[in-house]
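The structure presented is a predicted model; accordingly, all values stated were derived computationally and were not measured. Values below: every heavy atom of this structure, side chains too, minus hydrogens, waters and symmetry copies. Just so we're on the same page: letters track the sequence lines, and every chain starts at 1.
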2 protein chains.
Amino acid sequence: MKRYHCAVELAVDVIGGKWKPVILSHLKEGVHRYGELRRRMPGVSEKMLTQHLRELEADGLVRRDSLQGRVPHVEYRLTEDGERLRPALQALYDWGVQRAAGTGITFEPSPIH
Amino acid sequence: MKRYHCAVELAVDVIGGKWKPVILSHLKEGVHRYGELRRRMPGVSEKMLTQHLRELEADGLVRRDSLQGRVPHVEYRLTEDGERLRPALQALYDWGVQRAAGTGITFEPSPIH
DNA sequence: CTGTATCCCCGAGGATACTG
DNA sequence: CAGTATCCTCGGGGATACAG
């Protein structure tokens with residue numbers, strides 16, 4: 001089993017990666033379908049989005065529900081363990097907003113939440 | 001200027017990287033010298049530690065103070081903007097602790113804070 | 001709509017040795 | 001003590017095409 005020297009090290013190992021925190025922070029706003037996530041994250045390739053979702057699922061942070069129907073319909077949501085990340089995600093988000101304000105950075109549409 | 005679609009994206013761009021959150025979370029516990037950081041993070045190479053410290057400094061999250069004396073003495077501490085990350089770092093740390101407990105992961109000495 | 005399957009590149013990160 | 005300097009590997013991540 002992998003061992004760490006610090007809890008933050010462990011956290012980074014699980015939610016590190018360019019897009020994982022972004023995915024999680026979207027999911028913390030509610031259930032999302034695959035296509036919704038794609039639209040909210042124009043910068044990520046399909047490959048990476050899928051791959052990160054799979055890893056988050058494997059790590060128990062995200063649940064994937066495939067609903068039966070005429071047309072493919074998949075929903076992603078946070079698991080309980082994922083929900084526990086909410087404070088961290090929110091804090092990260094808040095810091096990003098402050099930082100953006102302080103440096104004159106603006107966000108492109110689509111406005112997020 | 002670089003543009004983002006989400007504040008979390010911005011945050012990750014600044015504090016992303018395998019060791020940056022770990023460095024910051026150590027510094028949030030107080031001023032550290034270079035060697036102290038190294039000892040607290042046995043997993044990181046000197047190159048990466050220095051490089052990440054330089055980037056954090058350039059991004060205004062960390063201040064570096066080189067004290068004059070018989071022997072080299074350098075101190076690192078959080079800037080005001082770095083301090084604002086405290087809630088995020090703490091939340092990340094707390095989550096890591098919970099996660100470790102839930103999965104039976106333990107941390108190697110040196111015990112961290 | 002929700003993904004796979006490939007191919008490929010670049011740079012983050014590591015190992016090691018050396019220095020003022 | 002507090003770093004540089006080099007060299008090198010590896011896989012994260014991107015682009016594109018295709019599929020059920």
Mark up nucleotides 2-15 of chain C, 5' to 3', with B wherever a protein heavy atom is under 4.0 angstrom from a base atom, S wherever such an atom reaches only the sugar-phosphate, and - elsewhere. BBB-BB-----BBB
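- Atom pair B:Arg40:CZ and D:dA2:P shows a separation of 14 Å (rounding to whole Å applied).
- As rounded to whole Å, 15 Å separates atom C1' of D:dG3 from atom CG of B:Leu67.
- B:Leu92 is listed as a side-chain neighbour of A:Ile15, based on a closest heavy-atom distance under 4.5 Å.
- In this structure, the side chain of B:Thr79 engages the main chain of B:Gly60 through a donor-acceptor pair within 3.5 Å.
- Nearest heavy-atom pair, B:Val14 versus B:Leu56, reported as atom, atom and distance to 0.1 Å: O-CD2, 4.5 Å.
- Pairing each heavy atom of A:Lys18 with each of B:Val12, the nearest pair is O-CG1, 3.8 Å.
- One can place CD of A:Gln68 at 17 Å from P of D:dG20, the figure rounded to the nearest angstrom.
- Side chains of B:Leu61 and A:Arg99 form a contact here, defined as non-hydrogen atoms less than 4.5 Å apart.
- Atom CZ in B:Arg70 sits about 13 Å away from atom P in D:dA2, given to the nearest Å.
- Side chain of B:Glu9 to main chain of B:His5: a donor-acceptor pair is present (N/O by atom type, distance under 3.5 Å, no hydrogens or angles).
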